[in-house]
Amino acid sequence: MVTPPGRPRIIPIASGKGGVGKSIFAASLAISLARRGETTVAVDLDLGGSNLHTYLGMPNTNPGVGDFLKRRLTNLSDLVVPTPVDNLGFLPGDGKTPFMANISTRQRLQLLDELLRLKARYIIIDLGAGSAINTMNLFGLALDGIVITTLDTPALMNALVFLRNFTFANILSLASERAPTRKMLLDAYRRSADGANLTAEEIYGLLAAHDPLLARQIRQRLERFTPRFVYNMADQPEDLRVAGRIQGTLKQNLSMNSSPLGLLFHDPAVRKSVRQNKVFLREQPDTPYARGLRAITDRLLKAAAPSPSLETLIGEARRHA
């Protein structure tokens, strides 16, 4: 996605479930970008469960997004704190104001406006795990957000469920001003709970029967979203072949294009850094995980480049193993 001149590029990072390495990936990606000379801010928007500071080697003593929203502070940029890494700032989440798991639409729009004012080239956003409505809304801040998952079946299924919920929540939101259409959609969702899940094409068909113009507008809006997948804790390069099945499932069920962004190997150095409360990339600059991360960083810095083929990514992973 091309970022308008003068605006930071927002990269939200989500996961369908916890325990897949989302926060350490967000922290490591922010560090990797900063080390390339890119001004970067790592933002903890796992509101209600903020812990990104631990992976950046930061104390949990600074006010953050929760304080900005609850205390109605006027300038979010004043809450960005420096980190031990050059070019990298950190914006805490709950900070001194906990229990911010739910924020209103007005607060979310206010937050987006302030994020776009931050003086940075990249804004890496660590979202909460799962399909909470706030997480899905914040994931929609960018058209090409990152979904991270392990190769385990439950994690893969939850990643797909997250994007399904994200799609249908957006459909309902875009139809919110047409009460009869919204009721029709909700009734259809309830009926599908007892059988096969509705596909996006079936939803668009139902919408078209009620309001063809709205159906076309919603389709055009949602087809702009092209999430990218990072597959974490892999054992071998060929594990990445699951990406082809994920792409096919999303296209068939959600009419959604997606692409793999890269593969990260299971790496004991990551666990060791976390357990010792150390910053991973600072302590372990050259491991299989770090090499995979560098390749992902390269890809993000070439925003206009086409997505590489699956075979290209597998070959790349073989060199990083």
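Residue numbers start at 1 and run along the sequence shown.
- Using a 4.5 Å heavy-atom threshold, the side chains of Phe225 and Asp144 count as separate.
- Across every non-hydrogen atom of Thr149 and Ala159, the tightest pair is CB-CB, 4.2 Å.
- Under the 4.0 Å criterion applied to side-chain N and carboxylate O atoms, Arg299 and Glu316 are assigned as salt-bridge partners.
- Pairs engaging residues 12-57 under the ring-ring contact (aromatic ring centres under 6.0 Å, His included) rule: none recorded [sequence neighbours left out].
- Between Arg36 and Thr297, some side-chain heavy-atom pair lies under the 4.5 Å cut-off.
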**Request:** Begin from the C-alpha positions of Leu115 and Leu141 and carry the test side chain to side chain contact (heavy atoms under 4.5 Å, CB included) through to its verdict.
**Result:** CA-CA 10 Å; Leu115 287 173; Leu141 293 179; 4.2 Å; yes
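- Using modelled atom types, one side-chain atom of Ser309 and one backbone atom of Thr312 make a donor-acceptor pair closer than 3.5 Å.
- Taking CG from Leu293 and CG from Asp298, the interatomic distance works out to 9.5 Å, rounded to the nearest 0.5 Å.
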**Message:** Pair Arg241, Glu311 - check salt bridge (Lys or Arg N to Asp or Glu O under 4.0 Å), show working.
**Reply:** CA-CA 9 Å; Arg241 295 198 184 280; Glu311 292 304 322; 2.7 Å; yes
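- Of the candidates Leu263, Leu313, Ile148, Leu263 is the only one forming a side chain to side chain contact (heavy atoms under 4.5 Å, CB included) with Tyr231.
- Counting only N and O atoms by type, the side chains of Ser176 and Ser173 include no donor and acceptor under 3.5 Å apart.
- Among all heavy-atom pairs drawn from Phe162 and Gly130, the shortest one is CD1-O, 3.4 Å.
- A salt bridge is defined here as a Lys NZ or Arg NE, NH1 or NH2 lying under 4.0 Å from an Asp or Glu carboxylate O, and Arg182 with Glu177 fails to meet this definition.
- Cluster membership for Leu174 and Leu254, using ILVMFWY side-chain heavy atoms within less than 4.5 angstrom, is shared.
- By the rule that hydrophobic residues join a cluster once side-chain heavy atoms approach within less than 4.5 Å of another member, Leu45 and Leu143 end up as members of one cluster.
- Here CG of Leu261 is found 5.0 Å from CD1 of Ile296. Values are rounded to the nearest 0.5 Å.
- Asp152 is linked by a salt bridge (charged side-chain N to carboxylate O under 4.0 Å, His left out) to nothing, counting only residues two or more places apart in sequence or in another chain.
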**Item:** Candidate pair Leu56 and Leu52, rule side chain to side chain contact (heavy atoms under 4.5 Å, CB included), full reasoning
**Value:** CA-CA 7 Å; Leu56 294 169; Leu52 187 61; 4.2 Å; yes
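- The shortest side-chain heavy-atom distance between Lys251 and Asn257 falls under the 4.5 Å cut-off.
- Using a 4.5 Å heavy-atom cutoff, the side chains of Val20 and Asn158 are not in contact.
- A donor-acceptor contact shorter than 3.5 Å is absent between the side chain of Thr135 and the backbone of Ser131.
- Under the 4.5 Å side-chain heavy-atom criterion for grouping Ile, Leu, Val, Met, Phe, Trp and Tyr, Val80 is connected to Val43 within one hydrophobic cluster.
- Counting non-hydrogen atoms of neighbouring residues, nucleotides and ligands closer than 6.0 angstrom, the CG atom of Asp86 reaches no more than 12 such neighbours.
- Note: Asp126 CG to Ile24 CD1 = 11.0 Å, rounded to the nearest 0.5 Å.
- Considering only residues two or more places apart in sequence or on other chains, Glu202 meets the salt bridge (charged side-chain N to carboxylate O under 4.0 Å, His left out) condition with none of them.
- Leu301 has its side chain within reach of Tyr122: a pair of non-hydrogen atoms, C-beta onward, lies under 4.5 Å apart.
- Across all non-hydrogen atoms, the minimal contact from Leu127 to Lys22 is O-NZ, 2.5 Å.
- Under the salt bridge (charged side-chain N to carboxylate O under 4.0 Å, His left out) criterion, Glu114 pairs with Arg117, not counting sequence neighbours.
- No path of Ile, Leu, Val, Met, Phe, Trp and Tyr side chains, each step under 4.5 Å between heavy atoms, connects Met157 with Val242, placing them in separate hydrophobic clusters.
- Linking ILVMFWY residues whenever their side-chain heavy atoms come closer than 4.5 Å, directly or via other members, places Leu163 and Leu198 in the same cluster.
- Note: Met184 CE to Tyr189 OH = 8.5 Å, rounded to the nearest 0.5 Å.
- Taking 4.5 Å as the limit, every side-chain heavy atom of Arg178 sits out of range of all side-chain heavy atoms of His210.
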**Message:** Quick one, Thr40 with Arg121, criterion side chain to side chain contact (heavy atoms under 4.5 Å, CB included). Give me CA distance, side-chain angles, the key distance, then yes/no.
**Reply:** CA-CA 6 Å; Thr40 304; Arg121 178 68 184 89; 5.9 Å; no
Would you tabulate the side-chain donor-acceptor contacts of residues 212-221 under 3.5 Å, counting partners in other chains and residues two or more places apart, or write 'none'?
residue: Arg219; atom: NH1; partner: Glu201; partner atom: OE2; Å: 3.0
residue: Arg219; atom: NH1; partner: Glu223; partner atom: OE2; Å: 3.2
residue: Arg219; atom: NH2; partner: Glu201; partner atom: OE1; Å: 2.9

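- A distance-only check finds a donor-acceptor pair linking the side chain of Asp67 to the backbone of Gly64 [under 3.5 Å].
- Note that OG of Ser23 and CG of Asp44 are 6.5 Å apart. Values are rounded to the nearest 0.5 Å.
- Using a 4.5 Å heavy-atom threshold, the side chains of Ile11 and Ile125 count as separate.
- Residue Pro63 comes nearest to Leu79 through the heavy atom pair CG-CD2, 4.0 Å, listed as atom of the first residue, atom of the second, then distance.
- Residues passing the side-chain hydrogen bond (donor to acceptor under 3.5 Å, both in side chains) test with Asn232: none are found, sequence neighbours excluded.
- Residues Gly93 and Ser50 share a closest heavy-atom pair of CA-OG, 3.5 Å.
- Defined by atom type and a distance below 3.5 Å, a donor-acceptor pair is present between the side-chain atoms of Asp267 and Thr287.
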**Message:** Working note: Lys183 + Asp187, criterion salt bridge (Lys or Arg N to Asp or Glu O under 4.0 Å); need CA distance, chi angles, decisive distance, verdict.
**Reply:** CA-CA 6 Å; Lys183 182 180 183 304; Asp187 289 343; 2.9 Å; yes
**Request:** With side chain to side chain contact (heavy atoms under 4.5 Å, CB included) as the test, would you mind laying out the steps for Ile171 and Leu207 before giving the verdict?
**Result:** CA-CA 10 Å; Ile171 290 173; Leu207 280 169; 4.1 Å; yes
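- Closest approach of Ala34 and Leu88 over heavy atoms only: CB-CB, 3.8 Å.
- Exactly one residue among Val161, Thr249, Ile246 makes a side chain to side chain contact (heavy atoms under 4.5 Å, CB included) with Leu156. That residue is Ile246.
- Using a 4.5 Å heavy-atom cutoff, the side chains of Val65 and Leu111 are in contact.
- To the nearest 0.5 Å, atom OG of residue Ser259 and atom CD of residue Gln247 are 6.5 Å apart.
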